[in-house]
There are 2 protein chains.
Amino acid sequence: MARPRKFDEERALDAAMRVFWERGYEATSTQDLCDATGLGRSSIYNTFQSKHDLFERALAHYLDTMTAAQTAVLDDVERPAADRVRALLTQVVESEAECRIGSGRALGCLGVNTVVELAGRDPAAAAVLQRDTARRLAAYRAVLEQGRRDGSITASRDPEALARFLNATVAGLRVSSQGGADRTELEMIAQTAMDALAP
Amino acid sequence: MARPRKFDEERALDAAMRVFWERGYEATSTQDLCDATGLGRSSIYNTFQSKHDLFERALAHYLDTMTAAQTAVLDDVERPAADRVRALLTQVVESEAECRIGSGRALGCLGVNTVVELAGRDPAAAAVLQRDTARRLAAYRAVLEQGRRDGSITASRDPEALARFLNATVAGLRVSSQGGADRTELEMIAQTAMDALAP
DNA sequence: AAGGTATTGGAATAGACAGTACAGAACTGT
DNA sequence: ACAGTTCTGTACTGTCTATTCCAATACCTT
């Protein structure tokens, strides 16, 4: 029918996501997005409507990937639940150790970054984040309930509270990492957090 | 010798701090700062040199106040250390419940917000934050050591690790609150975190 | 090969941005 | 009262912002 796209939309979205992750929403200019994706202004606006729409899609893309990776770890039904939770925290520590900006600082998590930067004044972003948090909390609660049954997780607090705590711990790890904590320090935090979940 | 200031520098700094706290660094314009402080451009630039310098002072001002409030709670030598740590977490929960933006969302903590938004690409801000974190970690370690001695805090992990964990928990509470968690949910997190510190 | 349609690069737009220049106002010490 | 100095309101910079416009291009279908 007509002239086809010269670029891969998925790749462009991924590149945009990375810039937003590194610099945040406000500090990322449309020029930055052009540079990172290799696209011209027209192509970007033609494909993604606006900077804000692109950001929403990039955020959703990030959350999907990262939450999928988390649930993959948590769903390994062979191991005791506590092991899986421990593996989740290790994954978080690992990803913080890997994903670093030019200066050596950690990138943190685009989800946490966006909660902090935008959730208060951007209802659309807040809604996307809310949905992801609900999904992750459900996954956490599920493992923790299994742990309560297989005896690897404490039964003295209900799984809902433990799930919220786990979620806060993940955020705390992310912020600590962005604040300059190194791998061993993050490891200490993860280990200590596990004590609260132990039977 | 000459014309005196018509405004109180401390009050202006406080107003500027509040705007940065609510909107973040990038999203705050010099016009916003004029509106919030009630000052004209000239007065602001005359007194604070630049937006960035003003931000640094506002951040330092915030961290001083908030860390002072925390150490005040932690230094009450009469009570067992664990009680004081619990009081610290309650203070954090309380402040998150109080400080809310127009939409009802929590403000979080300007320190955490700045770690997330700027620490990776603003060495000056990163240095101010680093210093405050060190100071707070020292205060945490001190109480936790006292707790180890008075028996109210576990001796099975060293105070350094517990202090890092406590710091991460505070950040986690802040982010959870900005993410939409209400007071009782934050309370659950705080309670569960205390389990990791119990003997 | 021709017509129709979507994509593309580049220039243009209007407004916001941080920061400055300057002239006059307001105060103090003499 | 006056000189000296600092403050403050206004108007102004040049640069950057997100977004739009348009003409040229490239492709698919027929």
Side-chain angles (χ1 to χ4, degrees), chain A residues 1-60 113-114 117-118 121-125, chain B residues 1-60 110 113-114 117-118 121-125 128:
Chain A
M1 292 272 264
R3 180 176 178 179
R5 289 233 167 92
K6 217 162 55 184
F7 64 93
D8 179 0
E9 188 169 324
E10 206 67 20
R11 284 179 95 79
L13 189 62
D14 215 76
M17 180 199 84
R18 235 200 132 69
V19 192
F20 282 128
W21 191 1
E22 280 173 17
R23 307 163 100 89
Y25 177 73
E26 297 286 355
T28 300
S29 70
T30 50
Q31 188 56 55
D32 291 334
L33 293 166
C34 292
D35 295 349
T37 57
L39 305 185
R41 288 178 145 52
S42 304
S43 300
I44 286 193
Y45 277 88
N46 201 28
T47 316
F48 302 106
Q49 280 64 255
S50 70
K51 177 187 169 184
H52 188 268
D53 282 20
L54 173 52
F55 179 75
E56 265 181 64
R57 284 196 52 185
L59 176 61
N113 298 0
T114 306
E117 191 193 354
L118 284 184
R121 60 199 159 85
D122 184 335
Chain B
M1 289 279 262
R3 182 177 176 177
R5 289 226 167 98
K6 215 161 59 183
F7 63 92
D8 179 0
E9 189 169 323
E10 206 66 19
R11 283 179 96 81
L13 188 62
D14 216 77
M17 181 200 84
R18 234 199 133 72
V19 193
F20 282 128
W21 191 1
E22 279 172 17
R23 307 164 103 88
Y25 178 74
E26 297 287 353
T28 300
S29 71
T30 50
Q31 189 56 53
D32 291 334
L33 293 166
C34 290
D35 295 349
T37 57
L39 306 186
R41 284 179 145 48
S42 305
S43 299
I44 285 194
Y45 278 89
N46 200 27
T47 315
F48 302 106
Q49 281 64 254
S50 71
K51 179 187 170 185
H52 188 269
D53 282 21
L54 172 52
F55 178 75
E56 265 182 64
R57 284 195 54 185
L59 176 61
L110 180 59
N113 298 1
T114 306
E117 191 192 356
L118 284 184
R121 60 197 157 88
D122 184 336
V128 173

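By convention in this document, chain letters (A, B, ...) are assigned in the order of the sequence lines, proteins followed by strands, and residues within each chain are numbered from 1.
Look at CD on B/Gln31: it is 18 Å from C1' on D/dC16, rounded to the nearest Å. The interatomic distance linking B/Ile44 (CD1) with D/dT10 (P) rounds to 15 Å, in whole Å. Look at CG on A/Asn46: it is 5 Å from P on C/dT7, rounded to the nearest Å. What separates NE2 of B/His52 from P of C/dG19 is a distance of 10 Å, to the nearest Å. Across the protein-nucleic acid pair, B/Phe48 atom CZ and C/dG19 atom P stand 14 Å apart, rounded to whole Å. For the pair B/Arg5 CZ and D/dG9 P, the computed distance is 13 Å after rounding to whole Å. In this structure, B/Glu9 atom CD and D/dT6 atom C1' are separated by 14 Å, rounded to whole Å. Note: CZ (B/Phe7) to P (C/dA26) measures 16 Å, nearest angstrom.
Nucleic acid contact class of A/Thr47 (heavy atoms, under 4.0 Å, all strands): none.
Screening residues 37-53 of chain B for salt bridge (Lys or Arg N to Asp or Glu O under 4.0 Å), with sequence neighbours left out, gives no hits. Pairs passing the salt bridge (Lys or Arg N to Asp or Glu O under 4.0 Å) check and including a residue from residues 13-30 of chain A, sequence neighbours excluded, read A/Arg18-A/Glu22, A/Arg23-A/Asp32, A/Glu26-A/Arg121.
From B/Leu33, atom CG reaches atom OH of B/Tyr45 across 8.0 Å, with rounding to the nearest 0.5 Å. Taking CZ of B/Phe55 as the start and CG of B/Leu118 as the end, the distance is 5.0 Å to the nearest 0.5 Å. Residue B/Arg57 holds its CZ atom at 12.5 Å from CG of B/Leu59, rounded to the nearest 0.5 Å.
Contact annotation: B/Lys51 side-chain N/O to C/dA18 OP1/OP2 distance is under 4.0 Å.
In this structure, the side chains of A/Thr114 and A/Tyr25 stay at 4.5 Å or more apart for every pair of heavy atoms. Considering only heavy atoms from C-beta on, A/Ile44 stays 4.5 Å or farther from A/Thr30 through its side chain.
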Is there any protein nitrogen or oxygen under 3.5 Å from a nitrogen or oxygen in nucleotides 20-24 of chain C, and what are the pairs?
| from | atom 1 | to | atom 2 | distance (Å) |
| --- | --- | --- | --- | --- |
| C/dA21 | N6 | B/Ser42 | OG | 3.3 |

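Residues from residues 16-30 of chain A with heavy atoms under 4.0 angstrom of DNA chain D, sorted by number: A/Thr28, A/Ser29, A/Thr30.
With sequence neighbours excluded, the residues that form a side-chain hydrogen bond (donor to acceptor under 3.5 Å, both in side chains) with A/Asp35 are A/Gln31. Taking B/Arg11 as the reference, nothing meets the salt bridge (Lys or Arg N to Asp or Glu O under 4.0 Å) condition, with sequence neighbours excluded.
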